[in-house]
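The block underneath contains the structure these notes are about, expressed in structure tokens.
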Amino acid sequence: MLQVQFIRENKQTVLDGLAKRNFADAKAIIEEVLTTDETRRATQVSLDNILAESNKISKEIGGLFKSGKVEEANQLKAKTGELKEESKQLTEELNAAADKLNELLYQIPNIPHASVKAGKNEEDNEEVFKEGIIPDLGENALPHWELAKKYDIIDFELGVKITGAGFPVYKGKGARLQRALINYFLDKNTAAGYNEVQVPHLVNEASGFGTGQLPDKEGQMYHVTGDNLYLIPTAEVPVTNMFRDEIVQENDLPITVTGYTPCFRREAGSYGAHVRGLNRLHQFDKVEIVRVEHPDNSYNALNGMVEHIKEILRELKLPYRILRLCGGDTGFTSALTFDFELYSTAQERWLEISSASNFETFQANRLKLRFKNKEGKSQLVHTLNGSSLALPRVLAGILENYQTENGIKIPEVLVPYCGFDMID
RNA sequence: GGAGAGGUGGCAGAGUGGUAAUGCAGCAGCCUGCUAAGCUGUCAUCCUUCGGGAUGCCCGGGUUCGAAUCCCGGUCUCUCCGCCA
């Protein structure tokens, strides 16, 4: 969430930023934030004054009792009764204003970075980079779900039997390739300095709020009601929450972490051809990278993440492009997001396989993740994350782009991880 | 699942009704020629007319002139027993 103080001091910047996102009623909500904030502060001043007086009297009473002046003390007691009534009412008003303010702030998305263009949806995203060769597969090219069946490496129906749609079973070389990808990604990330972690796949409510999945995206997560825990939709949630309510030292920065987890998403409302095969699943695997950065270095770090992901795709020899998301398509919590899309030659469409974002202080503010700066004061850090990478669509891309008449070739860098060079 | 103990600042750790000790670490300044020590201030959050003021001892209620301290409810952690990969 944004900080009120920031909104107070940069009203126009905030309005301009929200306009880029096509955020409706920006002006109205910002005005409401400002008036609510004013009410809150004015109420606090009145309340503080009353409490100050009440504290003073209490001290006097203490002194009087000690010196045995019971009658005088009792007289003062009557006065505190009135003050108590007043303070009770003001406290309620203050809480109401603070709650309202928070509620409003929860609804306001992050302010986009200067480089982000205004836009409504994915059609307005800008392609900023493109690389790789789109193979010529000929007329008989098959989409990955047919390849999966042909070579018996992914069984969607079996998953339906066990659980339901969107929970595939990987078999034989399919399972092995999947595991190879996870290991390969983790190795690349740790080689780049990311610290590998294994984190819980269920999180509590506080963590859900910390990274912003709650309260707004509650319906997208699987909820274990018996214990009030949520299955993670991404490793970002447990990994970033490792640092919730922490104050780190400035020279601890940057903190860089990578982790593999399965991800669980209800994907309520998704349908149609775009969800076929591996394109959209309820459970999938992903390797994530997270960075906690000094504010001065966060954009530099974001570029570093982008370069890192590029290198992986280069090694896999897959055709891909990078998009800078427009205001309307940038996630609620993000200031700047680059999406990586892999070209699926058989489906003739781009598939999102990674997303690298700088959240600036937006997430840190909710998380209360700060560092001690040069002045010895607590200051919010910047948080970033990215997928490196999401498995199913990379797998789909490999199956489709590497298909030959004799079977599916394994990208060279993965052969040592797989122990075979062909699925046939 | 049963029983018990406990949750205090970045960390450690006092405080059992009178308004959060102390130590370590961090930050700023001063001082001093010796691998750094010493001194002073600062060191949770909010408000402020910049003088201060308020809040804060896991969370929420209550008792009281006054609560970290007493009472009620919740929650989490630890220890032991049980069960178990």
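Small disclaimer: the values here were computed from a predicted structure and weren't measured. The chains referred to below are lettered A, B, ... by the order of the sequence lines, with proteins before strands, and numbering in each begins at 1.
Base orientation for rG51(B): syn, the chi torsion being within 90° of 0.
Distances were taken from every side-chain heavy atom of Lys84(A) (C-beta onward) to each of rU55(B), rA44(B), rU64(B); the shortest belongs to rU64(B). Residue Ile61(A) has its side chain nearest to rC65(B) when only rC65(B), rU55(B), rG26(B) are considered.
Following rounding to the nearest Å, Gln249(A) (CD) and rA25(B) (P) show an atom-to-atom distance of 12 Å. One interatomic measurement links the two molecules: NZ of Lys368(A) to C1' of rG9(B), which rounds to 15 Å at whole-angstrom precision. Here rG10(B) presents its P atom at 17 Å from CD of Glu250(A), a figure rounded to the nearest Å. Residue Glu205(A) contributes atom CD, which lies 17 Å from atom P of rC59(B) at whole-angstrom precision. With rounding to whole Å, Lys88(A) atom NZ is found 21 Å from rA54(B) atom P. In this structure, NZ of Lys56(A) is placed 16 Å from P of rG52(B), rounded to the nearest angstrom.
Each of Tyr194(A), Phe338(A), Phe340(A), Phe185(A) was compared with His308(A) under the ring-ring contact (aromatic ring centres under 6.0 Å, His included) criterion, and only Tyr194(A) meets it. For the side chain to side chain contact (heavy atoms under 4.5 Å, CB included) with Leu147(A), the lone residue among Ile153(A), Ile398(A), Ile423(A), Leu142(A) that qualifies is Leu142(A).
Listed by residue number, Arg40(A), Arg41(A), Gln44(A), Val45(A), Asp48(A), Leu51(A), Ala52(A) are the residues of residues 38-54 of chain A with a heavy-atom contact under 4.0 Å to RNA chain B.
rA20(B) and rA25(B) have their P atoms separated by 26 Å, given to the nearest Å. Taking atom C1' on both rG29(B) and rU77(B), the two are 42 Å apart, rounded to the nearest angstrom. Distance check on atom P: rG56(B) versus rC46(B) gives 15 Å, rounded to whole Å. Comparing the P positions of rG2(B) and rU8(B) gives a spacing of 26 Å, expressed to the nearest Å. Comparing the P positions of rC71(B) and rU64(B) gives a spacing of 16 Å, expressed to the nearest Å.
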Can you list, pair by pair, the side-chain donor-acceptor contacts under 3.5 Å of residues 78-85 of chain A, counting residues two or more places apart and other chains?
from, atom 1, to, atom 2, distance (Å)
Thr80(A), OG1, Lys77(A), O, 2.6

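Residue Gln3(A) places its CD atom among more than 12 non-hydrogen atoms of other residues, nucleotides or ligands, all under 6.0 Å distant.
The phosphate of rG66(B) has neither OP1 nor OP2 within less than 4.0 Å of any side-chain N or O from Thr80(A). Asn204(A) has no side-chain polar atom (N or O) that falls below the 4.0 Å cut-off from OP1 or OP2 of rU75(B). The side chain of Arg370(A) contributes an N or O atom lying less than 4.0 Å from OP1 or OP2 of rU45(B).
In this structure, the side chains of Val290(A) and Thr383(A) stay at 4.5 Å or more apart for every pair of heavy atoms. By the 4.5 Å heavy-atom criterion applied to side chains, Gln220(A) and Gln213(A) are not counted as neighbours.
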Expected rows: protein N/O vs nucleotides 27-29 of chain B N/O, under 3.5 Å:
from, atom 1, to, atom 2, distance (Å)
rC27(B), O3', Lys374(A), O, 3.0
rC27(B), O2', Lys374(A), O, 3.3
rC27(B), O2', Glu375(A), O, 3.2

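Residues Asp245(A) and Asn95(A) each lie close to RNA chain B; by heavy-atom proximity, the contact nearer the 5' end of the strand is made by Asp245(A).
Figure legend: Lys173(A) and Tyr151(A) shown without cation-pi pairing, the cationic atom not lying both under 6.0 angstrom from the six-membered ring centre and within 45 degrees of its axis.
Between the side chains of Asp285(A) and Gln178(A), at least one donor N or O lies within less than 3.5 Å of an accepting N or O.
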